[in-house]
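Quick note on labels: first sequence line is chain A, next is B, and so on, each numbered from 1.
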Amino acid sequence: MLEIKNLKARVAGNDILHGLSLAVNAGEVHAIMGPNGSGKSTLAQVIAGHEDYEVTHGSVTFKGQNLFDLEPEERAREGLFLGFQYPVEIPGVNNAYLLKTALNARRAHQGLDEIDAFEFLKTAREKMAALGMDPKFLNRGVNEGFSGGEKKRNEILQMAMLEPELAILDETDSGLDIDALKAVAQGVNALRSPDRAIVLVTHYQRLLDYIEPDFVHVLSEGRIARSGDKTLAHELEEKGYDWIREAANA
Amino acid sequence: MITTPIDALRDIVGRFPTTRDEDWKYTDLARARDISSRWLDEGGTRPSETPDIADLVGDIDADWFVIANGRLADIPIVDGVSVEKINELPAGDNALAEFNAALLDSGLRLRIEGRPGKPVGLLFIDEAGSPSVSQGFVEVAFEPGSRGEVFEYHASRGTGEHYSNTILCIDIGDDAVAHHVRLQDRALDHVQTHRTTVSVGRDAHFESASFDLGGGLVRNDVAIDIAQPGATVNFAGLYLAGDGQHVDNHTRVDHRVGPATSRQEYRGILNGKCRCVWNGKAIVHEGADGTDADQANHNLLLSAHAEIDAKPELEIYTDDVKCSHGTTVGQLDETALFYLRTRGLDPQRATEVLTHAFAAGLVSRIPVEAAQEPVSRLMERRLGELIRSEEDYTA
Ligand SMILES: Nc1ncnc2c1ncn2[C@@H]1O[C@H](COP(=O)(O)OP(=O)(O)OP(=O)(O)O)[C@@H](O)[C@H]1O
Ligand SMILES: [Mg+2]
């Protein structure tokens with residue numbers, strides 16, 4: 001699904017990723033943990049195609065295609081979804097309108113007709129109910145005045161509607177109350193399937209109690225410093241990151 | 001029939017404001033002078049046929065008064081509105097008003113009584129000759145306690161050069177409520193000067209929204225006079241400009257007594273090589289205690305060649321006031337653009353979505369219901385053209 005080889009990237013003149021390699025196969029859930037500033041969001045933004053992030057080395061393929069040949073919107077239509085660490089407020093753009101436009105862009109790419117208005121509303125309402133979101137959020141500006149947790153739920157709503165093949169969720173669990181965390185986890189688990197993959201960027205073991213990952217990676221100083229199964233997350237919770245840095249530098 | 005001697009008219013044209021006048025610093029009326037002079041040279045004639053207006057206003061539910069090529073064409077009989085032609089106008093206190101008075105066929109005086117069932121429609125429609133000039137003068141008086149709507153629609157067609165010079169005077173009686181919309185959708189190379197004066201009575205309410213979609217050289221002056229306490233004034237404006245357009249909105253609110261509230265918000269969307277001006281003046285006179293005045297102007301520049309001169313001016317001669325103003329000039333929010341692209345929208349669509357959102361706040365405030373559909377439709381169409389036009393809106 002996603003194959004990253006020796007990726008180096010910089011932003012604003014600073015080298016952030018220093019040769020990162022990672023392979024994510026269909027059906028898998030990966031968790032990426034790591035200290036603040038280690039480059040987790042940078043990796044996510046590079047994959048989504050943010051132009052401020054310059055790739056200086058390495059390759060990324062998505063479903064066998066060179067990811068860097070695709071514009072951000074083409075990546076999205078191909079089934080890549082990034083849940084932003086800081087979802088963007090877009091006053092004046094109706095939330096339902098964005099959902100529908102995004103969905104139809106993906107459908108057009110798949111050769112499908114536009115979604116029927118009734119069908120759209122019905123699906124959106126169902127997904128919102130599952131996420132504990134009031135249907136009123138459909139008629140508000142995109143993330144406009146949403147609380148931190150509401151923004152994160154809204155990202156998950158978009159993901160649930162778009163049914164991406166690869167979802168990268170950048171700290172979607174941060175700032176969530178316990179009910180929201182369960183609802184978000186449920187949303188992610190509902191997406192799990194043999195032909196999809198999910199990458200969770202998180203600081204907290206807690207999320208992984210609800211979404212059991214197949215692999216856990218530690219990103220440190222722009223590289224994957226360690227990979228393991230879900231027990232690695234417990235180990236990190238106990239010991240912090242220092243031992244990994246030491247091991248990596250030894 | 002022009003009754004004023006041609007020489008006197010030439011004299012007035014020679015006294016049109018120039019960029020040496022402080023109020024006209026950014027807007028050069030050379031084209032208006034030039035068109036007027038050549039038109040006078042050629043005898044100052046006007047096309048006599050009435051342009052077809054059905055496609056413009058046929059679907060809009062209002063009682064339409066049509067001023068075609070400067071001539072009062074239709075005078076409908078309307079319940080709740082008394083109508084009078086006026087032939088003598090005050091000479092006016094500046095050359096543009098003098099020009100208007102000197103050339104006017106006949107002006108229109110309307111009195112709104114009670115609550116007319118439909119909006120009063122004022123259609124100023126010009127078929128350009130080469131060159132041609134037209135005038136229009138309308139007075140609308142709202143009787144005390146009345147409640148009515150005015151939809152002013154300025155359009156011009158044809159490939160010739162055209163200059164239109166119009167005046168609208170709105171007089172709102174005590175306790176009256178006046179809702180007003182102005183739509184300007186002229187050909188992209190025509191010239192317009194338009195002046196709106198509004199006097200607001202005791203406890204009266206004025207709610208207005210203006211839309212400038214077309215025109216090559218456009219200057220709108222709005223002067224609102226609050227001489228009675230208790231007035232509430234809300235006015236908004238949206239101007240769209242693309243290559244070669246120059247759109248200037250000058251507003252002035254005189255708070256002579258308090259308490260009273262005035263709020264204005266203008267927004268502009270500019271693409272290509274164009275220039276817009278917004279100058280909002282609020283004067284709080286001595287003794288106008290309890291005045292609350294707010295001015296806002298926000299501009300979205302989609303091209304590096306677009307230029308905006310935005311200037312709020314507050315003059316305050318009393319203490320007990322609340323005044324605020326804010327102006328912004330910005331490009332599209334790159335973060336929002338990227339976010340939309342990650343949701344599958346291509347840059348053009350994302351630009352459209354964000355630009356529409358910028359305009360949406362004003363469109364949702366159109367205070368004349370019958371104007372909402374046509375204004376939004378024409379605005380969307382023009383906005384689409386602007387975004388698709390040429391160049392580097394994402395650069
Ligand atoms: N646009 C930018 N301009 C300048 N520096 C940046 C930019 N984006 C990221 N950086 C820097 O790159 C480094 C990695 O940031 P990144 O956001 O990828 O970290 P992170 O691992 O996601 O951290 P956190 O856990 O706090 O979210 C940081 O030092 C950050 O300051
Ligand atoms: Mg981060």
Side-chain angles (χ1 to χ4, degrees), chain A residues 44-53 70-95 97-110 139-144 151 154-155 157-159 161-164 166-168 170, chain B residues 209 211 236-238 240 265-269 296-302 326 328 330-366 372 375-376 379-380 383-384 386-387 392-395:
Chain A
Q45 297 286 327
V46 166
I47 293 173
H50 198 299
E51 59 187 20
D52 287 354
Y53 296 80
L70 303 175
E71 295 293 333
E73 61 275 15
E74 294 170 324
R75 300 177 194 192
R77 293 173 198 164
E78 279 287 330
L80 176 72
F81 179 86
L82 170 62
F84 281 60
Q85 181 173 2
Y86 304 107
V88 182
E89 293 200 22
I90 314 183
V93 176
N94 183 276
N95 211 19
Y97 177 81
L98 174 60
L99 274 178
K100 202 159 149 189
T101 308
L103 190 56
N104 282 331
R106 180 142 159 71
R107 287 174 67 95
H109 184 71
Q110 292 167 325
N139 294 320
R140 285 179 55 178
V142 175
N143 295 323
E144 186 179 357
K151 285 180 183 167
N154 202 39
E155 296 287 284
L157 172 64
Q158 294 177 6
M159 180 191 78
M161 293 297 289
L162 293 170
E163 303 187 319
L166 174 64
I168 299 173
D170 192 357
Chain B
F211 296 84
L238 177 71
L240 308 183
E265 181 176 356
Y266 274 72
R267 289 189 175 217
I269 300 172
N297 173 237
H298 302 292
N299 298 282
L300 185 56
L301 269 54
L302 300 175
T328 59
Q331 282 82 42
L332 280 180
D333 178 354
E334 290 292 331
T335 317
L337 261 181
F338 176 65
Y339 187 76
L340 293 178
R341 291 182 73 186
T342 66
R343 299 312 184 237
L345 281 66
D346 61 35
Q348 159 130 359
R349 191 71 202 276
T351 301
E352 263 170 33
V353 166
L354 293 178
T355 311
H356 283 265
F358 181 82
L362 293 193
V363 175
S364 69
R365 283 174 52 178
I366 297 173
Q372 286 167 359
V375 171
S376 341
M379 199 274 308
E380 302 270 330
L383 204 49
L386 263 195
I387 292 167
D392 55 338
Y393 51 79
T394 53

Handout entry: Side-chain touch B:Tyr339/A:Leu98, heavy atoms, less than 4.5 angstrom
Key = yes
Problem - Shortest non-hydrogen contact from A:Thr101 toward B:Arg349 - result: CG2-NH1, 3.7 Å
Practice task
Determine whether A:Glu51 and B:Phe338 make a side-chain contact, defined as any pair of heavy atoms from C-beta on separated by less than 4.5 Å.
Solution key: no
Problem - Heavy-atom closest pair, residues B:Ala357 and A:Pro91 - result: CB-O, 3.6 Å
Completion exercise
The interface call for A:Glu78 against chain B, heavy-atom contacts under 4.5 Å, is neither
Exercise for the section: Report the option among A:Leu82, A:Asp52, A:Val88 that has the most heavy-atom pairs separated by less than 4.5 Å from atoms of chain B. Expected result: A:Val88
Practice task
Could you tell me whether B:Arg343 and A:Glu155 make a salt bridge, using a distance below 4.0 angstrom between a side-chain N and a carboxylate O?
Solution key: yes
Fill in the blank from the handout: Tightest non-hydrogen contact, residues A:Ala76 and B:Gly344, listed as CB-N, 3.5 Å
Exercise for the section: Tell me, for A:Pro164 versus chain B, whether the close heavy atoms (under 4.5 Å) come from the side chain, the backbone, both or neither. Expected result: neither
Exercise for the section: Taking the side chain as every heavy atom from C-beta outward, state whether A:Tyr86 and B:Thr335 have any atom pair closer than 4.5 Å. Expected result: no
Problem - Inter-residue atom distance A:Arg77.CZ - B:Asp346.CG, 0.5 Å rounding - result: 5.5 Å
